[in-house]
Novice: 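The following block contains the structure, expressed as structure tokens.
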Amino acid sequence: MIRWVTNRVFFGVACAVLLGTGAASAEDVAGETPGTLETEALREVFDLGRFHIKDLRPARNETVELNFVLHLALKPETPSAVLADLEGWKHRLRDQVITAARVAETKDFSSPSLHRLRRLMILRANRLIGGDLIDELLLTEFVFTLK
């Protein structure tokens, strides 16, 4: 339960920083005392944008359709050179996310935490970057349709 509160507060602070709304602290966003969450707000967030993935799976006679927005939260010790290179790797990172979504099983999309899907995406993106730099993957506006 604490993990979800942490993600919600961190994502709210990250959006406030990215959108320039000027939220002063995590307390303003979540209405809770920040405690140790202040250090998490200092992580870099990289936006990979909106995804619309349509995957035909003929062996099961189903079509999976996914819509979501994805943000990568990097570890605080991420070198500035890697941060500069991420913009050039954006399309490669997006390809890895799409591949991870197509490799995932259908039941992975209906789990409330999307733990396995997020783990697959983090593993593939970290392999591309060449290290363990991605700390958290933030999925928003997630919609899963099975036809």
Side-chain angles (χ1 to χ4, degrees), residues 1-32 34 37-57 62-147:
M1 182 169 188
I2 294 173
R3 182 114 174 113
W4 283 104
V5 172
T6 303
N7 288 344
R8 180 172 46 100
V9 170
F10 170 69
F11 183 69
V13 170
C15 284
V17 170
L18 288 174
L19 298 175
T21 59
S25 67
E27 185 175 315
D28 293 340
V29 176
E32 302 170 2
L37 300 178
E38 291 178 9
T39 58
E40 287 193 55
L42 301 175
R43 294 190 292 184
E44 293 289 331
V45 177
F46 186 73
D47 180 27
L48 283 179
R50 181 172 297 278
F51 287 81
H52 176 78
I53 302 169
K54 196 170 190 176
D55 187 23
L56 176 65
R57 299 176 179 195
E62 62 187 20
T63 301
V64 173
E65 194 169 337
L66 299 171
N67 292 305
F68 57 90
V69 178
L70 184 68
H71 305 275
L72 302 177
L74 306 172
K75 292 186 177 181
E77 62 270 6
T78 304
S80 59
V82 172
L83 292 174
D85 290 341
L86 279 179
E87 191 61 41
W89 296 344
K90 188 171 184 175
H91 293 293
R92 292 178 188 171
L93 286 167
R94 287 181 59 88
D95 285 343
Q96 293 302 316
V97 168
I98 292 169
T99 303
R102 289 188 172 159
V103 168
E105 297 178 20
T106 307
K107 65 181 179 179
D108 297 335
F109 304 128
S110 58
S111 74
S113 65
L114 298 171
H115 177 71
R116 187 169 187 277
L117 177 64
R118 290 177 25 191
R119 186 173 54 88
L120 284 171
M121 290 178 181
I122 289 172
L123 287 173
R124 295 189 72 86
N126 273 334
R127 188 182 320 154
L128 175 69
I129 293 172
D132 191 25
L133 298 176
I134 298 174
D135 195 26
E136 187 71 35
L137 189 111
L138 307 168
L139 281 167
T140 60
E141 302 177 27
F142 184 83
V143 178
F144 161 64
T145 307
L146 182 64
K147 296 178 184 177

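Since the model is a prediction, treat every value here as computed from it, not as a measurement.
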Novice: Could you give all pairs that pass the side-chain hydrogen bond (donor to acceptor under 3.5 Å, both in side chains) test and reach residues 94-104, with sequence neighbours left out?
Specialist: Gln96-Arg124
Novice: Roughly how far apart are Phe68 CZ and Ile53 CD1, rounded to 0.5 Å?
Specialist: 4.0 Å
Novice: Using the rule given for side-chain contact (heavy atoms from CB on, under 4.5 Å), can you reason through Trp89 versus Ile129, listing the C-alpha separation, both sets of side-chain angles and the distance that settles it, and then say yes or no?
Specialist: CA-CA 9 Å; Trp89 296 344; Ile129 293 172; 4.1 Å; yes
Novice: Side chains of Leu66 and Phe51: closer than 4.5 Å at any heavy-atom pair?
Specialist: no
Novice: What are the two closest non-hydrogen atoms of Ser111 and Asp108, and how far apart are they?
Specialist: OG-O, 3.4 Å
Novice: Do Leu70 and Leu138 pass the side-chain contact (heavy atoms from CB on, under 4.5 Å) test, and can you show the C-alpha distance, the side-chain angles, and the key distance before you say yes or no?
Specialist: CA-CA 6 Å; Leu70 184 68; Leu138 307 168; over 6 Å; no
Novice: To the nearest 0.5 angstrom, please state how far the CZ atom of Arg118 sits from the CG atom of Leu139.
Specialist: 7.0 Å
Novice: State which residues pass side chain to side chain donor-acceptor pair (under 3.5 Å) with Lys75; sequence neighbours excluded, sorted by chain then number.
Specialist: Asp132
Novice: State which residues pass side chain to side chain donor-acceptor pair (under 3.5 Å) with His52; sequence neighbours excluded, sorted by chain then number.
Specialist: Asn67
Novice: Looking at CG of Leu137 and CG of Leu120, how far apart are the two atoms once the value is rounded to the nearest 0.5 Å?
Specialist: 10.5 Å
Novice: Does Glu65 have any side chain to side chain donor-acceptor pair (under 3.5 Å) partners at least two apart in sequence or in another chain, and if so, which?
Specialist: Lys147
Novice: Only one of Leu133, Leu48, Leu72, Leu93 passes side chain to side chain contact (heavy atoms under 4.5 Å, CB included) with Leu86; say which it is.
Specialist: Leu93
Novice: Less than 4.5 Å apart, any side-chain heavy atom of Thr63 and any of Asp55?
Specialist: no
Novice: Under the ring-ring contact (aromatic ring centres under 6.0 Å, His included) rule, collect the residues that match up with Phe46, sequence neighbours excluded.
Specialist: none
Novice: Apply salt bridge (charged side-chain N to carboxylate O under 4.0 Å, His left out) to Glu141 and list each qualifying residue two or more places apart in sequence or on a separate chain.
Specialist: Arg50
Novice: Ignoring hydrogens, what is the shortest heavy-atom contact between Arg57 and Ala104? Give both atom names and the distance.
Specialist: NH2-O, 3.0 Å
Novice: Evaluate the side-chain contact (heavy atoms from CB on, under 4.5 Å) criterion for residues Leu146 and Val64: first the C-alpha distance (whole Å), next the side-chain angles of each, then the deciding distance (0.1 Å), finally the verdict.
Specialist: CA-CA 5 Å; Leu146 182 64; Val64 173; 3.9 Å; yes
Novice: Taking all non-hydrogen atoms of both residues, which atom of Phe109 and which atom of Ala101 are closest, and how far apart?
Specialist: CZ-O, 3.3 Å
Novice: When rounded to the nearest 0.5 angstrom, what is the spacing between CD1 in Ile98 and NE2 in His91?
Specialist: 11.0 Å
Novice: Could you check whether any side-chain N or O of Asn126 sits under 3.5 Å from a backbone N or O of Ile134, counting only pairs where one atom can act as donor and the other as acceptor?
Specialist: yes
Novice: How far apart are the C-alpha atoms of Leu117 and Phe142, what are their side-chain angles, what is the distance that settles it, and do they pass the side-chain contact (heavy atoms from CB on, under 4.5 Å) test?
Specialist: CA-CA 12 Å; Leu117 177 64; Phe142 184 83; 4.0 Å; yes
